[in-house]
Amino acid sequence: MNIELIIKEKVAGAINALYGQSIEPSQVQVQLTRSEFEGDQTVMVFPFLKISKKSPEVTGAELGEYLAANVSEVSGYNVVKGFLNLSIDNQFYIDRLNEAVREEKYGFVPETASAELVMIEYSSPNTNKPLHLGHIRNNLLGFSLAEVMKANGYKVVKTNIVNDRGVHICKSMVAWQKFGKGETPETHGKKGDHLVGEYYVKFDQQYKSEIAELIAQGRSEEQAKEEAPSIVETREMLLKWEANDPEVRNLWKTMNGWVYKGFDETYKTLGVDFDKIYYESDTYTIGRDEVLRGVKEGIFQQESDSSVWANLEKEGLDKKILLRSDGTSVYITQDIGTAQLRYRDYPIDHMIYVVGNEQIYHFQVLSLLLDKLGYKWGKDLYHFSYGMVELPNGRMKSREGTVVDADDLVAGMVDVARAVSMELGKLEGYSEAEKEHIYHIVALGALKYFILKVDPKKTMTFNPEESIDFNGNTGPFIQYTYARIQSILRKANDTGVEVPSQAATESLNDKERNLLKIISLFPEVVKEAGTAHSPAVVANYVYDLVKEFNSFYHDHSILNEPDSAKRDFRLVVAQTVGKVIKNGFSLLGIEVPERM
RNA sequence: GGCCCGGUAGCUCAAUGGAUAGAGCAACAGCCUUCUAAGCUGUAGGUUCUUGGUUCGAUCCCAAGCCGGGUCACCA
């Protein structure tokens with residue numbers, strides 16, 4: 001049981017015993033004592049003044065006296081103004097430490113047979129261009145959130161809806177037909193997703209020049225955009241695609257195949273994966289059928305040009321198109337089909353969509369549409385809406401060529417990790433392959449931590465220079481601490497010193513005590529990360545732990561401690577800190593190296 | 001314009017309504033014959049955008065304003 005809950009309960013009991021009033025434990029405000037004061041847990045006495053009808057000092061003292069006398073965990077107290085600072089008995093923290101020692105997955109809630117199932121959709125790329133920095137945030141958040149939910153005892157199904165059809169991919173196809181001359185990833189020596197992305201860019205260039213030409217011929221901009229041959233061709237291709245035209249379908253399969261191969265590589269590099277992948281090409285017709293059912297049932301309206309609309313004005317939103325006048329589907333149509341299919345495939349208790357906050361409106365609409373169509377889970381979908389990633393000079397803009405490519409970014413970070421590591425030269429004895437493995441772990445640790453430590457809801461700035469910094473509040477700093485701990489444990493093993501299976505000591509120095517306090521917090525942190533849907537909570541916690549450990553490491557020797565009882569205790573502490581780092585980082589999808 | 005989100009040190013970010021608002025980077029000053037210096041210690045750096053309100057207490061809640069971003073497509 002965590003100390004906060006114990007104190008809340010006991011304070012409620014004390015209020016009752018002292019002043020004859022019963023309050024709920026949840027009404028008691030407890031927090032960690034600030035380091036400049038003596039004590040471990042602080043109780044706010046202000047809220048109880050109306051009950052005690054005494055001054056804050058007196059009330060605090062009376063409560064403190066009672067708690068010290070009646071609660072075994074409370075070893076002492078002091079009162080400063082309206083703050084009652086309680087000192088917690090060392091044994092409590094040592095017990096928590098031993099809990100952490102015993103449990104392999106300390107801090108995690110084990111999955112039970114009756115656990116609820118949460119499906120997490122993330123990544124969800126379009127198949128017309130390679131992944132970029134924005135996708136990286138999505139992928140890292142999605143994967144980490146899945147790990148966090150698992151650690152909170154949920155069954156988790158990670159899913160990916162691939163937007164493999166629609167105008168965007170038709171654009172790449174049109175451009176490839178026009179300019180490709182049969183080029184393939186093999187002939188070009190490029191990843192397939194990058195190759196297809198190049199044709200998407202080429203399409204855009206061609207389209208723009210056509211528009212300019214038409215405008216020069218006297219058309220309005222709007223007209224030009226409608227009539228440009230490229231876009232006309234694209235629309236025709238989409239229709240052919242929906243009509244199952246063999247030639248179009250073949251090209252589509254080929255080009256998407258290139259892209260998938262490229263994506264798989266990127267996913268593998270990032271260390272993310274999925275339990276179930278859906279393809280829009282399989283789900284959009286289900287969505288369309290659902291929309292048409294909606295028309296039949298009078299939920300949606302079909303206009304004279306045969307486009308289909310949902311009127312959400314009553315719900316405070318706009319009218320929303322669901323099917324174009326030519327009968328083709330729009331983005332949201334497939335989301336309806338995908339949702340239906342998923343609920344058919346899995347007994348979903350919670351559905352989480354990891355999608356950027358620019359789509360808040362989209363998910364409000366989706367939720368309402370599903371609800372109107374009669375799905376009880378429509379209202380309950382959870383849009384995990386994260387903020388955009390910006391560069392120091394603003395948003396990434398493909399037009400200005402400022403889009404940061406995912407593969408390039410990772411490769412660059414590995415290069416830096418390699419350079420730093422070689423300069424420090426601490427990996428003697430490792431094979432080249434082992435070294436490369438470490439560089440990869442460190443590079444990804446830097447990237448992932450840099451992104452995940454920020455509150456997901458907030459827009460974040462990605463500064464390439466800072467992201468490859470390996471000092472301070474960074475992933476490699478934490479990994480480094482882990483590696484140091486493993487080094488100590490190896491050395492202990494080499495010299496025949498065994499790490500005890502349980503910690504025993506009577507006295508704790510300040511830094512040992514601080515470490516134990518932080519270790520005892522981990523289970524709460526995991527829980528908090530789950531309820532807040534925030535990997536950042538874990539990242540910040542691990543950083544605090546590691547900072548404290550390094551300070552301890554600096555001030556107190558472990559293996560050279562002459563008192564063997566103290567040495568053994570510190571070994572247990574160090575080992576446990578290592579375990580918490582590893583478990584915490586696993587929630588972020590970050591690996592830890594044995595050496596670095 | 002309607003709706004949504006944000007504004008904290010020079011920069012990037014923290015801070016369940018609590019005490020003197022904290023870290024890292026950058027700057028400056030120290031610490032390696034001792035378990036990995038990718039480390040540790042210290043100095044400096046703030047009207048928490050503004051003005052009101054709520055209360056014992058507000059960076060946090062409420063209102064208005066200012067600034068920045070998002071969104072409101074027969075795009076995805």
Side-chain angles (χ1 to χ4, degrees), chain A residues 4 29-31 33-34 36-37 42 44 46-47 49-50 56 80-83 85 124 126 128 163 166-169 235 280 303 305 307-309 316-318 320-326 328-332 334 356-362 364-365 385 387-388 390 392 394-395 417 420-421 423-424 426 442 446 450 453-455 457-463 465-467 469-481 483-492 495 528 532 536 539-540 543-544 546-547 550-561 567 570-571 574 595-596:
Chain A
E4 206 178 302
Q29 295 177 51
V30 184
Q31 64 184 207
T33 304
R34 296 180 65 110
E36 62 263 38
F37 299 97
T42 296
M44 304 305 147
F46 299 105
L49 301 184
K50 279 180 191 149
V80 182
K81 293 191 270 181
F83 301 90
N85 301 318
S124 307
N126 293 342
N128 62 331
N163 300 120
V167 283
H168 61 275
I169 182 67
R235 272 198 299 267
E280 186 182 335
E303 296 298 314
D305 66 359
S307 59
V308 175
W309 298 76
L317 304 178
D318 268 325
K320 181 80 190 169
I321 189 155
L322 302 179
L323 291 177
R324 298 192 185 95
S325 51
D326 64 8
T328 56
S329 310
V330 293
Y331 182 52
I332 203 159
Q334 65 82 15
N357 63 11
E358 74 272 17
Q359 294 198 36
I360 289 175
Y361 182 76
H362 172 80
Q364 280 175 356
V365 172
S385 114
M388 327 197 68
E390 292 183 352
R395 274 187 89 165
V420 171
S421 180
E423 195 182 332
L424 296 172
K426 295 180 182 178
V442 172
F450 188 84
K453 75 175 175 184
V454 181
D455 182 346
K457 289 196 288 288
K458 291 194 176 174
T459 304
M460 68 169 289
T461 303
F462 185 89
N463 186 326
E465 278 167 37
E466 284 175 22
S467 72
D469 197 339
F470 292 173
N471 303 313
N473 188 359
T474 66
F477 163 64
I478 292 165
Q479 290 171 320
Y480 173 70
T481 306
R484 268 177 155 183
I485 291 171
Q486 302 320 303
S487 173
I488 294 170
L489 296 175
R490 277 195 302 272
K491 198 152 285 183
T495 52
E528 168 66 18
N540 291 326
Y543 176 63
D544 286 341
V546 161
K547 226 165 32 123
N550 278 323
S551 178
F552 161 77
Y553 174 93
H554 179 266
D555 290 0
H556 305 285
S557 184
I558 298 172
L559 291 175
N560 295 327
E561 167 59 45
R567 178 199 64 198
R570 287 176 186 170
L571 275 170
R595 284 173 60 185
M596 70 182 270

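Just so we're on the same page: letters track the sequence lines, and every chain starts at 1.
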Using only side-chain N and O atoms of [X], determine if any of them is under 4.0 Å from OP1 or OP2 of [N].
| X | N | result |
| --- | --- | --- |
| A:T42 | B:A19 | no |
| A:K547 | B:G39 | no |
| A:R34 | B:G22 | yes |
| A:R567 | B:C35 | no |
| A:K458 | B:A14 | yes |
| A:R595 | B:C35 | no |
| A:N540 | B:A15 | no |
| A:R484 | B:A37 | yes |

Expressed as a whole number of angstroms, how long is the span from [X]:[atom1] to [N]:[atom2]?
| X | N | atom1 | atom2 | result |
| --- | --- | --- | --- | --- |
| A:I558 | B:U34 | CD1 | C1' | 13 Å |
| A:E36 | B:A21 | CD | C1' | 11 Å |
| A:Y543 | B:G39 | OH | C1' | 12 Å |
| A:D555 | B:C31 | CG | C1' | 12 Å |
| A:E303 | B:C74 | CD | P | 12 Å |
| A:E465 | B:U12 | CD | C1' | 13 Å |
| A:E280 | B:A76 | CD | C1' | 8 Å |
| A:M460 | B:C13 | CE | C1' | 9 Å |

Choose from [options] the nucleotide whose nearest atom is closest to any side-chain atom of [X].
| X | options | result |
| --- | --- | --- |
| A:S557 | B:A76, B:G70, B:C35 | B:C35 |
| A:S487 | B:U36, B:G24, B:C75 | B:U36 |
| A:R324 | B:G70, B:C74, B:C35 | B:C74 |
| A:Q29 | B:U20, B:G17, B:G69 | B:G17 |
| A:E390 | B:C25, B:G69, B:A19 | B:G69 |
| A:R395 | B:U20, B:G70, B:C74 | B:G70 |
| A:Y480 | B:C13, B:G17, B:A37 | B:A37 |

Practice prompt. Enter syn or anti for the glycosidic conformation of B:C28, syn applying to angles within 90° of 0.
Written response: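 That one's anti.
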
Stacked pair [X]-[N], distance under 5.5 Å, angle under 30°:
| X | N | value |
| --- | --- | --- |
| A:F46 | B:G18 | yes |
| A:F37 | B:A19 | yes |
| A:F83 | B:A19 | yes |

[atom1] spacing across the pair [N] / [M], given as an integer number of angstrom:
| N | M | atom1 | value |
| --- | --- | --- | --- |
| B:C61 | B:A27 | P | 36 Å |
| B:U48 | B:G7 | C1' | 9 Å |
| B:A58 | B:A37 | P | 46 Å |
| B:G53 | B:A9 | C1' | 29 Å |
| B:A44 | B:G24 | P | 15 Å |

Worksheet item: Per the atom types in the model, does the base of B:A14 pair as donor or acceptor with the side chain of A:D544 at under 3.5 Å?
Response: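 Answer is no: no donor-acceptor pair is held.
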
Would you classify [X] as touching base, sugar-phosphate or nothing, given that sugar-phosphate means primed atoms plus P, OP1 and OP2, and contacts are heavy atoms under 4.0 Å?
| X | value |
| --- | --- |
| A:Q479 | nothing |
| A:T461 | sugar-phosphate |
| A:K457 | nothing |
| A:M596 | base |
| A:N463 | nothing |

Fill in: Closest-nucleotide ordering on RNA chain B, the 5'-leading residue of A:H554 and A:Q359
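It is A:H554, whose closest nucleotide lies nearer the 5' terminus.
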
Fill in: RNA chain B: 5'-proximal contact among A:L323 and A:D455 (nearest heavy atom)
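Going by which nucleotide is closer to the 5' end, it is A:D455.
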
Worksheet item: Looking at side-chain heavy atoms only, is the closest gap between A:F552 and A:I558 below 4.5 Å?
Response: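 SC-SC contact between A:F552 and A:I558 confirmed.
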
Worksheet item: Does a side-chain heavy-atom distance below 4.5 Å link A:L323 with A:S329?
Response: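 In short, these two side chains touch, coming nearer than 4.5 Å.
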
Item to complete: Go ahead and name the base partner of B:G6; Watson-Crick or wobble counts if both distances stay under 3.5 Å, otherwise write none.
Response: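 B:G6 is paired, partner B:C67.
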
Practice prompt. Please say whether more than 12 non-hydrogen atoms of neighbouring residues, nucleotides or ligands are located less than 6.0 Å from CD in A:E303.
Written response: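 It does: A:E303 CD has more than 12 such atoms within range.
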
Worksheet entry | Spatial distance of atom OG1 (A:T42) from atom CZ (A:F83) [nearest 0.5 Å] |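 Nearest 0.5 Å value for the OG1-CZ distance: 8.0 Å.
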
Discussion item. Whether the A:T474 and A:D469 side chains hold a donor-acceptor pair (N or O, under 3.5 Å, no angle test) is what I'd like checked.
Written reply: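 Side chains of A:T474 and A:D469: no pair found under 3.5 Å.
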
